[in-house]
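This report refers to the structure that appears directly beneath it.
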Amino acid sequence: MIKTSIIITLLAIATSYLLLTPTKKSSYYHSLFISNSLSDNVSVSNNLKVLTHRPHIAGSEANNEAAAYVVSILTSSNIPTHVTSYDVALAYPFSRSLVLTNSSTESSFSFNLRQESYEGDPYADVIDEVVPTFHAYAKSGTAIGYVVYANYGRVEDYLKLKEMGINVSNTVVLAKYGKVYRGDIVKNAYNEGAIGVVIYSDKKDNGGSDEAKWFPNEKWLPPSGVQIGGVYSRVGDPTTPGWASCGECERLSMDEVEKGGDVPLIPSLPVSGEDGEKIIRSIGGPVAEDDWQGSKDAPTYRVGPGPGILNLSYTGQQVIATIQNVIGVIEGAEEPDRFVILGNHRDAWTFGAVDPNSGTAALLEVAQRLGKLQKKGWKPRRTIILCNWDAEEYGIIGSTEWVEENREILASRTVAYLNVDSAVGGPGFRASATPQLEELIIKATQKVKDPDNSSQSIYDSWTDSNSSPQFGRLGGRVSDYAPFLQHVGIPAADIAFGKGYPVYHSQYDDFVWMTKFGDPVFQRHVAAASVWGLVALWLADEEFLPFNYSSYAKELQLSMESLKNEISNEDIINLSPMYKSIKELEKAATKINEQIKVCIKYLNTWPLIII
């Protein structure tokens, strides 16, 4: 016997089928979406080249031009599009200087703090538009002190320094990029009593082997390459925490922001590997641990303090600037008040060929294919929203302000948020997601060919035929999924090809690097768009939302086991209620999955049932 609730559901869906029977099933359009007839690697390449022809930091004229280009592509794809602007607090460098003095010889050296252009650089005529190397929202001020080398600047690194008898108070810390967020590197140094921080890109992490050459000859970061980035520890406009930066809204002063502990309280600067090594050579004292050392041809790393003395001076300029989110909407035919949202940010510290505009190019590829589907008669069941965010690099500002402005409607109507930041940085598919979306992503990767081996699927290469696919989790403030998942509780996913790339956030992240090393024939971009768009289509078109909460229950169970292992005394903390709740979720998920299977079975034969 079929339960009454299932019969009612079936009749409701059957009625909608009678009233809105499409000429072709959704599955036809989904297969067409990932076919060679709709995908276009040449168009992807052209779009990326246009988007990255100038540096386009948030708040700049160049970034507004890039926004206009995104609008033009979406509108030409028959997607109604508008721009949503916010006036937000951004920071730019006003002045910077870094001088190294040897206290023994009293000789000094002033660093030029520039990234050098390379021979044949096609962007040499716009290189002066690249923002000077800096940390966004860094504390303005001057710090003069002996140098202490602190490895990656992690909490455990300072514990090791204490074991070695090294006092960091009133020193300028030198730390390597990597392992932890740069804002935490500065905060950890402050907590240990340091008065300033210099962060550099070590050759061992970014320069390849000792014999390796660097870009443009190979993929590695040139000696003068510098990783620019923010040091703000929250998301959204720092002066409007929790509310949107609209019109003449109330704002915190920067003094109030500082008191809140979300921006550093000591000055910092990023420098190149070349400059970092020069500072390393000025440091004496105990020899650092083996795993703190550099590449084979590097000098011996010592921890100090001194005798090298750094004079670090930085002055930032805080401004209220207008940012522009581009929003394209394909309205749903049957459930227009339910949203499937795809998002990527547009702003870049420099040219942004990988981060973020490989993702922007993929977003435009998805949009152009959806436009072609519309011409063939497809309409989504639910509304699809394509979002191109601004000011992500500063602290996920554009997406956060939009979520804050639309919090209630997004919380009640959004099916899922699908994010792509850097779509392509190299080979190898990776995905992070909330657990109920895992099965859908797996299914999509089984449908799409591996861009580096067309004889197999992405799923085959992802799992290497011998293991289960590995999913990351969406923690921290890494990209634009943060406000959707962490502020509103919307299911979310993030996909990409490649994990890390040497020229990250430097001026060498340009179209030339992408065409030589990231994706020479742009098939990885095409594949990213296929997986991204296919997951979106299933979420938008399936009668029953294709979530699998059994995966969620399983993940919670694994997390509970990890928590249990960390708790030394279970008599103090009773975990039984949590285990009980997870068991109830598992039962409910199983029941829902069974009901969906029954509904789909009878839905596929509904004309016979009605007859």
Side-chain angles (χ1 to χ4, degrees), residues 55 93 96-100 102 107-124 127-128 130-135 147 149 151-153 172-179 182 185 197-229 268-283 288 292-302 308 310 312 349-355 425-426 500-514 516-518:
R96 314 155 302 140
S97 67
L98 185 66
V99 178
L100 175 64
N102 188 315
S107 60
S108 62
F109 178 83
S110 181
F111 297 95
N112 67 15
L113 304 178
R114 284 182 58 88
Q115 302 183 78
E116 301 299 333
S117 181
Y118 56 90
E119 186 176 352
D121 184 355
Y123 303 106
I127 211 72
D128 288 341
V130 174
V131 66
T133 54
F134 82 120
H135 285 148
V147 191
Y149 169 57
N151 198 25
Y152 291 105
V172 176
V173 163
L174 176 70
K176 297 183 289 190
Y177 270 119
K179 309 299 183 184
R182 69 186 73 80
I185 296 175
V197 182
V198 173
I199 311 178
Y200 77 103
S201 301
D202 194 279
K203 180 182 177 181
K204 186 177 180 180
D205 297 323
N206 301 276
S209 67
D210 294 326
E211 295 79 23
K213 296 181 180 180
W214 51 82
F215 181 71
N217 298 309
E218 294 188 19
K219 69 177 182 178
W220 304 108
L221 183 70
S224 70
V226 179
Q227 181 191 134
I228 304 170
S268 66
L269 277 176
V271 300
S272 66
E274 188 175 52
D275 292 347
E277 184 171 305
K278 188 172 184 65
I279 297 170
I280 283 286
R281 293 180 184 278
S282 78
I283 302 175
W292 288 34
Q293 295 295 325
S295 55
K296 290 182 180 179
D297 62 347
T300 299
Y301 288 19
R302 297 177 180 272
L310 278 177
L312 182 166
W349 289 121
T350 62
F351 295 96
V354 176
D355 183 10
Y501 64 104
V503 296
Y504 174 70
H505 282 194
S506 74
Q507 79 176 31
Y508 309 105
D509 180 8
D510 62 16
F511 187 75
V512 175
W513 191 93
M514 178 60 75
K516 281 191 169 187
F517 308 111

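Numbers here are sequence positions counted from 1.
Ring orientation note: the planes of Tyr508 and Tyr118 are tilted relative to one another, at an angle of 30° to 60°.
In this structure, Arg302 CZ and Tyr149 OH are separated by 13.5 Å, a value rounded to the nearest 0.5 Å. Separating the CZ atom in Arg96 from the OG1 atom in Thr133 is a distance of 4.0 Å, to the nearest 0.5 Å. From Asp202, atom CG reaches atom CG of Asn151 across 9.0 Å, with rounding to the nearest 0.5 Å. Here Tyr301 contributes atom OH and Lys176 contributes atom NZ; the two are 6.5 Å apart, rounded to the nearest 0.5 Å. Atom CG of Leu269 is separated from atom CG of Leu113 by 6.5 Å, given to the nearest 0.5 angstrom.
The cationic atom of Lys278 (NZ for Lys, CZ for Arg) lies less than 6.0 Å from the six-membered ring centre of Phe109 and within 45° of the ring axis.
The shortest non-hydrogen separation linking Ser268 to His135 is OG-ND1, 2.8 Å. Heavy atoms only, all atoms of each residue included: Met514 and Ala353 are closest at CE-O, 3.6 Å. Nearest approach of Trp513 to Pro502, heavy atoms of both residues: CZ2-CD, 4.1 Å. Closest approach of Ser272 to Val226, counting heavy atoms only: N-CG2, 3.5 Å. A pairwise comparison of heavy atoms in Asp121 and Ile127 identifies OD2-CD1, 3.8 Å as the closest pair. Of all heavy-atom pairs between Tyr200 and Gly273, the closest is CD1-CA, 4.1 Å.
By the ring-ring contact (aromatic ring centres under 6.0 Å, His included) test, Phe351 is found to be paired with Tyr123, residues two or more places apart in sequence or in another chain being considered. The ring-ring contact (aromatic ring centres under 6.0 Å, His included) search around Tyr152 returns none, not counting sequence neighbours. Qualifying side chain to side chain contact (heavy atoms under 4.5 Å, CB included) partners for Trp214, counting only residues two or more places apart in sequence or in other chains: Trp220, Pro222, Pro223. With sequence neighbours excluded, no residue satisfies salt bridge (charged side-chain N to carboxylate O under 4.0 Å, His left out) with Glu274. With sequence neighbours left out, the salt bridge (charged side-chain N to carboxylate O under 4.0 Å, His left out) criterion links Arg114 to no other residue. Applying the ring-ring contact (aromatic ring centres under 6.0 Å, His included) rule to Phe134 yields the partners Trp349; only residues at least two apart in sequence or on another chain are considered.
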### Task
With side chain to side chain contact (heavy atoms under 4.5 Å, CB included) as the test, would you mind laying out the steps for Tyr177 and Asp205 before giving the verdict?
CA-CA 9 Å; Tyr177 270 119; Asp205 297 323; over 6 Å; no
### Task
Output, in order, the C-alpha distance, side-chain angles, deciding distance and verdict of side chain to side chain contact (heavy atoms under 4.5 Å, CB included) for Gln115 and Ile228.
CA-CA 11 Å; Gln115 302 183 78; Ile228 304 170; 4.1 Å; yes
#### Entry: Residues Thr300, Gln293; criterion side chain to side chain contact (heavy atoms under 4.5 Å, CB included); working and verdict
CA-CA 7 Å; Thr300 299; Gln293 295 295 325; 4.2 Å; yes
### Task
I would like to know whether Asn206 and Tyr504 meet side chain to side chain contact (heavy atoms under 4.5 Å, CB included); could you show each step before the answer?
CA-CA 9 Å; Asn206 301 276; Tyr504 174 70; over 6 Å; no
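Residues Lys516 and Pro216 form a side-chain contact, since some pair of their non-hydrogen atoms from C-beta on lies under 4.5 Å apart. Residues Gln227 and Ser201 meet the side-chain proximity criterion, which asks for heavy atoms closer than 4.5 Å.
For the pair Glu116 (side chain) and Ser224 (backbone), a donor-acceptor distance under 3.5 Å is absent. Between the side chain of Thr350 and the backbone N or O of Ser506, at least one donor-acceptor pair lies under 3.5 Å.
A side-chain donor-acceptor contact under 3.5 Å links Asp509 and Tyr501.
When Leu100, Val99, Asn102 are each tested for a side-chain contact (heavy atoms from CB on, under 4.5 Å) with Ser108, only one passes: Val99.
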